[in-house]
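So you know, we letter chains A, B, ... as the sequences are listed, proteins then strands, and number each from 1. As the structure is a computational prediction, the values presented were derived from the model and not from experiment.
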Protein chains: 2
Amino acid sequence: MTPEVRDKVRAAAEELSYAVSRNASGLVTGRTCRVAVVVPSLRPWYFASVVSGLGHALHEAGLDMLVHQVGHLEDWIHTLPLRHNSDALVAVALELTEEQCAHAADMAGPVVLVGERLPGRASVHIDDHAGTAGATRHLLNLGHARIAYIGSRTDGGMSLSSTARLNGYHEAMTEAGLEPWTVTKSPGPGCGELAVGELLSHQSPPTAVLAESDNVALGAHRALRRSGVPVPGAISLMGFDDHDVSSALDLTTVDQAPQTLGRVTGHLVADLVQGRRPSDTCVELPVQIVPRQSTAAPRKRRTSP
Amino acid sequence: MTPEVRDKVRAAAEELSYAVSRNASGLVTGRTCRVAVVVPSLRPWYFASVVSGLGHALHEAGLDMLVHQVGHLEDWIHTLPLRHNSDALVAVALELTEEQCAHAADMAGPVVLVGERLPGRASVHIDDHAGTAGATRHLLNLGHARIAYIGSRTDGGMSLSSTARLNGYHEAMTEAGLEPWTVTKSPGPGCGELAVGELLSHQSPPTAVLAESDNVALGAHRALRRSGVPVPGAISLMGFDDHDVSSALDLTTVDQAPQTLGRVTGHLVADLVQGRRPSDTCVELPVQIVPRQSTAAPRKRRTSP
DNA sequence: CTGTTAGCGCGTTCAC
DNA sequence: GTGAACGCGCTAACAG
C-alpha cells in the first residue's frame with residue numbers, strides 16, 4: 001500500500017467518521033480495551049475524585065472506563081456482566097475477601113484494589129496510619145495533650161482504612177505517653193455531631209479533636225459552632241481528606257490526593273492490561289498535612305481562683 | 001428443550017460463572033447495551049451527582065455506562081470511539097452546537113443533553129430561570145431591596161444555564177421595581193471572593209447577595225468571614241445548587257437535585273435505546289428553595305444622627 | 001510485503 | 001417444535 005493510498009484511506013475514514021469497533025476487534029483479540037470500575041457510589045467527593053483520576057489515566061492509555069455503582073457486596077459480581085466485557089477490574093474502597101477477588105479475577109482478568117489492600121492482590125492506597133499519626137503529632141506539637149479521636153464504626157466492625165487511621169492516632173498518643181481517647185458513632189451525617197455531643201458532655205472536654213474524615217469533622221464543626229464553642233479558640237479541630245468543605249471551613253486536614261490515587265491506579269491497570277510489567281504492584285502513596293485555621297495552640301488553662 | 005434441561009444449563013452457567021459477551025451479541029444485534037456519558041469532569045460535586053443518578057438508572061435498565069471526561073469541546077468527538085461502541089450518548093453540561101450534536105447522533109445514536117438544551121434535541125435540565133427568580137423573591141420577601149447578583153463570566157460569554165439564572169434574577173428585580181445589580185468575575189476559585197470585594201468597596205453595599213452557584217457563594221462566604229462582615233447579620237447570602245458545603249455552612253440555597261436529573265436522564269435514554277416512545281423528550285425539572293441560616297431580614301437602617 | 005481467509009461468540013434465519 | 005448454518009466487523013495467521 002503506497003503512502004498516498006494510505007492518506008486517501010485516512011481521509012475517507014475521517015470523512016465518514018469511521019472508528020474501529022472495539023466490540024468486533026475485542027471479539028478476536030480477546031481484549032476489550034475496557035476497564036470495569038466498581039465503586040460504592042460516585043457521589044461522595046472522595047470516590048468521584050478517585051474515579052476521575054482513574055478515568056484520565058485510562059483514557060491516556062487508550063482504555064475506556066465502565067463505571068458500576070454497587071452498594072451491596074454480596075450480589076455485585078452477579079449483576080455485572082464481566083466475562084469478555086472488560087480487561088480488568090478496579091474495585092474502589094470495597095472490602096473484598098480473597099475468594100471474591102479470585103472469583104472476580106477469574107471473570108474479569110487483573111483485579112486492582114484502591115483504598116483497600118489484600119495480601120497478594122494489586123492495590124493502591126494511602127498511608128492512613130502515617131496520616132493520623134502525623135496529624136496527632138501536629139496537634140501534640142501545638143501543645144495539646146487532651147486529644148480526642150472521633151470516627152465511625154458499624155456493627156460489622158471497621159474497614160482496614162479506618163482501623164489504620166485509628167491505629168496511627170493510638171500509636172502517636174502512646175508514643176507521647178498520653179492516653180488515647182476515642183469516640184465512635186455509627187456512620188452517617190450525624191456521626192460527627194453525636195461524637196462532639198459526647199465529648200462536650202465530659203467534665204473536662206478535649207482541647208483538640210482529630211476526626212477520622214472530613215465528613216465527620218464537618219458534623220463536628222457544625223455541632224461546635226451551634227454550641228458556641230470557638231474553633232480553634234477552645235477546641236482545635238482537624239479532619240482527614242482535604243475535602244472541598246475543608247478549605248471552605250478553613251479546616252486543618254490531611255490531604256490524601258484521591259485523584260492521584262486514581263491516576264496511579266490507572267497507570268498500573270494499563271500496565272497490567274497491556275502486558276507490561278508494572279514496577280510495583282502494591283503502591284502506597286504518602287499523605288500530607290494541610291495546616292489551616294482550625295488548629296492552634298491550646299488556650300492557657302485558667303488558673304483556679 | 002425441556003424445563004429440566006433448562007435448569008441444568010442454568011446451573012452449569014452459574015457454576016462456570018458464564019455471562020453472555022455483550023461484545024459478541026452486540027456485533028450481531030447492533031446494540032451494545034452501553035451508553036457513553038461525556039462530562040467535563042467527574043470531580044465537581046454537581047457532575048458526580050448527575051452521573052451517579054444516571055448510572056443507577058442505566059443499571060436498572062440493563063445498560064452499562066461508559067464515562068468519558070473531556071475538557072476541550074473541539075476534539076472530544078474524535079477521541080471517542082463511538083461508532084458501534086455505544087447505543088446512545090449523554091452529554092452532561094456541554095454546550096454543543098447543532099452540528100456537533102448531529103455528528104454525534106450520526107455516530108452514537110440518540111443524543112441526550114443534560115443541564116443544557118438545544119432546540120429539537122432531547123434534553124433534561126432544571127428551570128434555572130425559576131430558581132433564581134424564586135431565590136430573588138425569597139430575599140425580597142425578607143425585606144431586602146439592595147440585592148446584588150454575583151456570577152462568573154468567561155470571555156466567550158455565558159452558558160445557557162448561567163444566562164437563564166441571571167435572567168431570573170433580573171426579571172424578579174424588575175418586577176419588584178428594583179434596579180438589578182450584577183457583578184461577574186472570571187470563573188474559578190477566586191470568583192466569589194473578587195465579587196464580594198467589589199461589592200464591599202461600594203459606598204452603600206448590598207444587604208443581600210445572590211450567587212450564581214454554591215461555589216461562588218462559597219468564595220463569597222469566605223471573603224465576608226475574613227472581612228468580619230456577619231452573615232446574615234449585615235449581609236444575607238444565598239447560593240444555588242445545594243452543594244454539600246451549603247449545608248455545612250448553613251447556606252440558604254436552591255436545590256436542583258442533580259441526582260434526580262441523572263436518574264430522569266437515564267430513564268429517558270433507556271426508553272430511547274430500547275425503542276420505547278418516551279413520554280417527553282425534553283424534560284424540565286423544578287427546583288426548590290432550601291432556607292437555612294444565611295438569609296434573614298435586613299438589619300434596620302441606622303438612622304442618621 | 002501484500003492479499004486472502006478463517007474464525008472470534010453470539011443471534012437470527014431457514015430448513016427440517 | 002429443534003437444530004444447523006450464516007454472518008455481524010474485525011484481526012491474525014498464512015499463502016502468494
Asker: So, using side chain to side chain donor-acceptor pair (under 3.5 Å) as the criterion, who are the partners of B:Ser162 when residues are at least two apart?
Answerer: B:Ser159, B:Glu212
Asker: Give every residue pair that meets the side-chain hydrogen bond (donor to acceptor under 3.5 Å, both in side chains) criterion with at least one member in residues 29-39 of chain B, sequence neighbours excluded.
Answerer: A:Asn23-B:Arg34, B:Thr32-B:Asp87
Asker: Checking A:Arg10 now: which residues fulfil side chain to side chain donor-acceptor pair (under 3.5 Å) with it, not counting sequence neighbours?
Answerer: none
Asker: Taking only residues two or more places apart in sequence, or in another chain, which ones meet A:Asn85 in a side chain to side chain donor-acceptor pair (under 3.5 Å)?
Answerer: none
Asker: Residues in salt bridge (charged side-chain N to carboxylate O under 4.0 Å, His left out) with B:Asp271, at least two apart?
Answerer: B:Arg276
Asker: Using the test side chain to side chain donor-acceptor pair (under 3.5 Å), find all partners of A:Glu60 that sit at least two apart in sequence or belong to another chain.
Answerer: none
Asker: Mind listing the side-chain donor-acceptor pairs of residues 35-55 of chain B below 3.5 Å, one per line with the distance, residues two or more places apart or on another chain?
Answerer:
{"unit_1": "B:Ser41", "atom_1": "OG", "unit_2": "B:Arg43", "atom_2": "N", "d": "3.0"}
{"unit_1": "B:Arg43", "atom_1": "NE", "unit_2": "A:Gln259", "atom_2": "OE1", "d": "3.2"}
{"unit_1": "B:Arg43", "atom_1": "NH1", "unit_2": "A:Ser49", "atom_2": "OG", "d": "3.3"}
{"unit_1": "B:Ser49", "atom_1": "OG", "unit_2": "A:Arg43", "atom_2": "NH1", "d": "3.3"}
{"unit_1": "B:Ser49", "atom_1": "OG", "unit_2": "B:Trp45", "atom_2": "O", "d": "2.8"}
{"unit_1": "B:Ser52", "atom_1": "OG", "unit_2": "A:Gln69", "atom_2": "OE1", "d": "2.8"}
{"unit_1": "B:Ser52", "atom_1": "OG", "unit_2": "B:Gln259", "atom_2": "NE2", "d": "3.2"}

Asker: Tabulated below should be each protein N or O lying under 3.5 Å from an N or O of nucleotides 13-15 of chain C; please produce it.
Answerer:
none

Asker: Can a side-chain donor-acceptor contact be found between B:Asp242 and B:Gln256 if the only test is distance below 3.5 angstrom?
Answerer: no
Asker: To the nearest Å, how far apart are B:Asn85 CG and D:dC8 C1'?
Answerer: 14 Å
Asker: Give each protein N/O atom lying under 3.5 Å from an N/O atom of nucleotides 8-11 of chain C, with the pair distance.
Answerer:
{"unit_1": "C:dG9", "atom_1": "N2", "unit_2": "B:Ala24", "atom_2": "O", "d": "3.3"}
{"unit_1": "C:dC10", "atom_1": "OP1", "unit_2": "B:Tyr18", "atom_2": "OH", "d": "2.6"}
{"unit_1": "C:dC10", "atom_1": "OP1", "unit_2": "B:Ser21", "atom_2": "N", "d": "3.4"}

Asker: Show every donor-acceptor pair shorter than 3.5 Å between a side-chain atom in residues 112-125 of chain A and any protein atom, with sequence neighbours excluded, or say none if there are none.
Answerer:
{"unit_1": "A:Arg117", "atom_1": "NH2", "unit_2": "A:Asp128", "atom_2": "OD2", "d": "3.4"}
{"unit_1": "A:Arg121", "atom_1": "NE", "unit_2": "A:Glu98", "atom_2": "OE1", "d": "3.4"}
{"unit_1": "A:Arg121", "atom_1": "NH2", "unit_2": "A:Glu98", "atom_2": "OE2", "d": "2.9"}

Asker: Specify the angle, to 10°, made by the local axes at the two ends of the helix from C:dC1-D:dG16 to C:dC16-D:dG1 when five pairs are taken at each end.
Answerer: 50°
Asker: I'd like to check the side chain to side chain contact (heavy atoms under 4.5 Å, CB included) partners of A:Thr97; sequence neighbours left out, ordered by chain and number.
Answerer: A:Glu99, A:Gln100
